[in-house]
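Presented below is the structure to which this report refers.
Residue numbers start from 1 in every chain, and the chains themselves are labelled A, B, ... in the order their sequence lines are given, proteins ahead of strands.
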Amino acid sequence: MTQLLIRTLRDAPQDAEVESHKLLARASYVFRLSSGVYNFLPLGQRVLEKLNAVIREHLNEAGAQELLMSVLQPVDLWDESGRSADFGGLLPAFLVKGRSGKYVMGPTHEEVATRIVSTYAKSYKDLPVTIYQIQTKFRDEARPRFGLLRTKELIMCDAYSFDVSKEKMTETYQVLRDAYDKIFETLELDVTAVEAKSGAIGGDVNHEYMVSSPIGEDTFVSCSNCGYSANTEIAKKKSYLKEEITVLTEKILSSYNSLSPQEIYTPGSGSIDDVSSQLDLSDKKEQFLKTYVLKDIDNDNIPVFLVVTGDRQIKIPDNLSPFDKADFDEHPSIINGFVSPYNIDSALKVRIICDYEVLNVPENGFVVGANKAEYHVKNVVPLKDFAIDAFEDIAVVNEGDSCPNCESPLNTVRSVEAAHTFQIGLKYSTSMANAEFLDEDGINKPYYMGCYGIGVSRLIAVIAETHHDDKGLIWPKSVSPFDIHIVPLFLNKDESVKLKAVELYNELSQKYDVLLDSLMLQYALGITSRKQFAL
RNA sequence: CGGGGAGUAGCGCAGUUUGGCUAGCGCGCCUGCUUUGGGAGCAGGAGGUCGCGGGUUCGAAUCCCGCUUCCCCGACCA
């Protein structure tokens, strides 16, 4: 007989906003101790263990070996790989100062994994090797939110592969991705693997495993025709060839001769939203040009204007960094809020890059900033009224844009990132000491690495988010805390009921996870739903 | 870090504007009796530094000052 620590709530805690958090809190799966810090109650722990079992099964099948790395990692290790700097002085990690030495509470384990494998796998005969662990990670999130979806302390399954060559790394990568596919299939989650930004992990090829959800923090695009899919952070849209640009340029230059730029007074309107509503054109933001001011950190910090149509946002290229206040102070002719590629101060050295969409000039030209406080300019035609140094695909893809491969319209899907896999190549093996193996030709070579992460605690929220109805949670069979719930009735009237219930429990629990409910023996069936784990 | 909202019993809330009886209500919890096919009824009961500190006042959940925690939007996001 069980005495499960459960206290279901009719009302969700006031601080629970998203459905998964409400359901998991109301049904006693998780308990929030502090912002972004969650505790798993007995029911939640059972789900976690089931999830882990699914993950282990498929990773083991893929030849990965489970181990357990330390939470504490010496800061020296991060200095060695160069990532203390990447992470802005380790700010996003929790720092711990011991009696001797400084540590981070592991936000991720590439360095440790590299150190371990490079100690034990020194010969090409030892490779490939893939290690993994399921462990709590610590990330000092600027803003934890959405319940278990973004937390400071999270449970993750992270795997690291080590190969002798790029080709072998690619093969291993595929093996692990196949395992991931099986894991998500078992969990009854509909995931889409998309191309994504590698961020501070590093490497070129990487995939995010996205689960469609209206509360997702990410958006990816997908092409139903050719299958192209990518996170909007890096997604491409149709680009134009040089010849096409030439043709369009000539067309623009010959078609807009009657237009001439005209200054308009737009007090207080320093954003596209403001100015478009002031001009009564808030549903026609594509007729505006938005200019982002950045600096080229590889090239003497010269200003770069990224120009997109007003309905779009930009993807910031790696070599550019946004202007801060000091930068604006240094360039007084660049007026924040009214910046424009038109009528630039002649003394200013600036590079102007336009998105391809800027070639789609509206009938009356664009409305742009005037490079003068409180003013904009209308009837401005690119190429005619201002010069452009280059056209590039710098705008974030919008719904309906053309696919870069097949030009079909792209869909955008809001989503939650459930997992992320990376081919990181030589990043750690070349930056860290002795991260080499002896190859069959007698030469020491760096490992080709891959890294793979599944957000285990986040998955619980993702599953809850996608597997429920208006009455409560409906777990996939593979992770349900119990398979069978026995509720004996009329216990106090008939002793044989109890005997029978126990007998049934003993029999069924040979093969299933059974909950024999002793907490409500004197109650009618009606009240049992009070303690249903599905709530 | 910028903007907005909130903190009163385990959970959800009222009371605060206009200071004044012993700080209330629903759910949950405990005891007893009754009830037994869809979140039981009746009776009795336990449980509160009104987020924290200071101030004003005869008197503060309520007014003033400071702090703190939590949530949301944004920035950020390995």
Side-chain angles (χ1 to χ4, degrees), chain A residues 5-18 21-22 25-28 31-38 41 73 78 81-88 90-94 104-113 137-147 149-152 154 156 158 160 196-203 206 208 215-218 231 233 271 273 313 316 321-322 324-325 416-417 419-422 424 427-428 451-455 458 471-472 485 487-494 497 519-532 534-535:
Chain A
L5 190 63
I6 299 178
R7 181 90 300 130
T8 58
L9 307 171
R10 288 197 192 218
D11 303 302
Q14 167 257 359
D15 56 19
E17 192 72 17
V18 297
H21 184 197
K22 286 184 188 170
R26 286 181 56 201
S28 307
F31 169 74
R32 189 187 65 71
L33 183 64
S34 155
S35 177
V37 180
Y38 286 82
L41 301 173
Q73 304 179 16
W78 287 67
S81 70
R83 279 212 293 186
S84 341
D86 288 356
F87 281 162
L90 288 170
L91 270 180
F94 286 103
V104 294
M105 293 178 72
T108 177
H109 281 72
E110 283 76 15
E111 284 85 356
V112 181
K137 309 280 189 214
F138 299 88
R139 299 180 177 182
D140 193 10
E141 288 290 344
R143 177 145 103 84
R145 57 180 137 182
F146 303 137
L149 285 176
R150 180 161 295 277
T151 54
K152 295 186 181 186
L154 56 131
M156 179 183 261
D158 45 329
Y160 306 88
K197 217 162 77 169
S198 66
I201 292 285
N206 74 94
E208 284 176 336
I215 60 159
E217 296 182 273
D218 289 287
N231 192 306
E233 289 172 340
S271 72
D273 281 348
Q313 298 188 302
I316 298 181
S321 154
D324 56 29
K325 191 172 176 304
V416 175
E417 176 189 348
H420 203 160
T421 59
F422 307 79
I424 37 184
K427 173 168 174 168
Y428 298 91
C451 124
Y452 318 80
I454 300 179
R458 174 182 284 185
K471 295 193 181 62
H485 185 186
V487 184
L489 297 177
F490 302 103
L491 262 186
N492 52 350
K493 286 209 171 141
D494 189 344
V497 172
L519 283 175
M520 56 195 79
L521 298 183
Q522 70 272 48
Y523 291 99
L525 184 59
I527 202 171
T528 63
S529 54
R530 185 174 60 111
K531 293 199 172 72
Q532 270 178 3
L535 192 72

Can you pull every protein N or O that's under 3.5 Å from an N or O on nucleotides 48-52 of chain B?
none

Polar atom pairs (N or O), protein with nucleotides 68-71 of chain B, under 3.5 Å:
from	atom 1	to	atom 2	distance (Å)
B/C70	OP1	A/S34	OG	3.2
B/C70	OP1	A/S35	N	3.0
B/C71	OP2	A/S35	OG	2.7

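How far CD1 of A/I454 is from OG1 of A/T421: 10.0 Å, rounded to the nearest 0.5 Å. The CZ atom of A/F31 lies 10.5 Å from the OH atom of A/Y38; values are rounded to the nearest 0.5 Å. Separation of atoms CD (A/Q73) and OG1 (A/T108) is listed at 7.5 Å; rounding is to 0.5 Å.
For A/E217, the salt bridge (charged side-chain N to carboxylate O under 4.0 Å, His left out) partners at least two apart in sequence or on another chain are A/R145, A/R150. Residues that satisfy the salt bridge (charged side-chain N to carboxylate O under 4.0 Å, His left out) test with A/D273, not counting sequence neighbours, are A/K285. Residues passing the salt bridge (charged side-chain N to carboxylate O under 4.0 Å, His left out) test with A/E208, sequence neighbours excluded: none. Evaluation of the side chain to side chain contact (heavy atoms under 4.5 Å, CB included) rule for A/E233 yields A/K197, A/D218, A/N231 as partners, not counting sequence neighbours.
Salt-bridge annotation for A/R83 and A/E110: present, with a side-chain N of the basic residue lying under 4.0 Å from a carboxylate O of the acidic one. Using a 4.0 Å cut-off between charged nitrogen and carboxylate oxygen, A/D158 and A/K137 count as a salt-bridge pair.
Nearest heavy-atom pair, A/G147 versus A/V18, reported as atom, atom and distance to 0.1 Å: N-CG2, 4.2 Å.
Pair assignment for B/C70: B/G5, on the basis of Watson-Crick or G-U wobble contacts that are both within less than 3.5 Å.
Summarising the geometry, the separation between CG on A/L5 and P on B/G10 is reported as 16 Å, rounded to the nearest angstrom. Between the CD atom of A/E217 and the C1' atom of B/C72 there is a distance of 13 Å, given to the nearest Å. The CD1-P distance, from A/I424 to B/A78, rounds to 14 Å in whole Å. Between the CE atom of A/M105 and the C1' atom of B/A78 there is a distance of 16 Å, given to the nearest Å. The CZ atom of A/R26 sits 11 Å away from the C1' atom of B/G39 (whole-angstrom rounding). Here the C1' atom of nucleotide B/G26 and the CG atom of A/L9 are 14 Å apart, to the nearest Å. At whole-Å resolution of the value, CG in A/N231 and P in B/A78 are 11 Å apart. In this entry the distance linking CG of A/D11 with C1' of B/G10 reads 12 Å, nearest Å.
Both A/E110 and A/R10 lie close to RNA chain B; mapped to their nearest nucleotides by heavy-atom distance, the more 5′-ward contact belongs to A/R10.
To the nearest whole angstrom, the two P atoms, one in B/C67 and one in B/G45, are 45 Å apart. Here the separation of B/C21 from B/U34, taken at their C1' atoms, is 38 Å to the nearest Å. Straight-line distance between the C1' atoms of B/C1 and B/A9: roughly 36 Å, to the nearest whole Å. One C1' atom belongs to B/U8, the other to B/G15, and the distance between them is 9 Å to the nearest Å.
Using a 4.0 Å heavy-atom cutoff across all strands shown, A/A25 reaches no nucleic acid atom at all.
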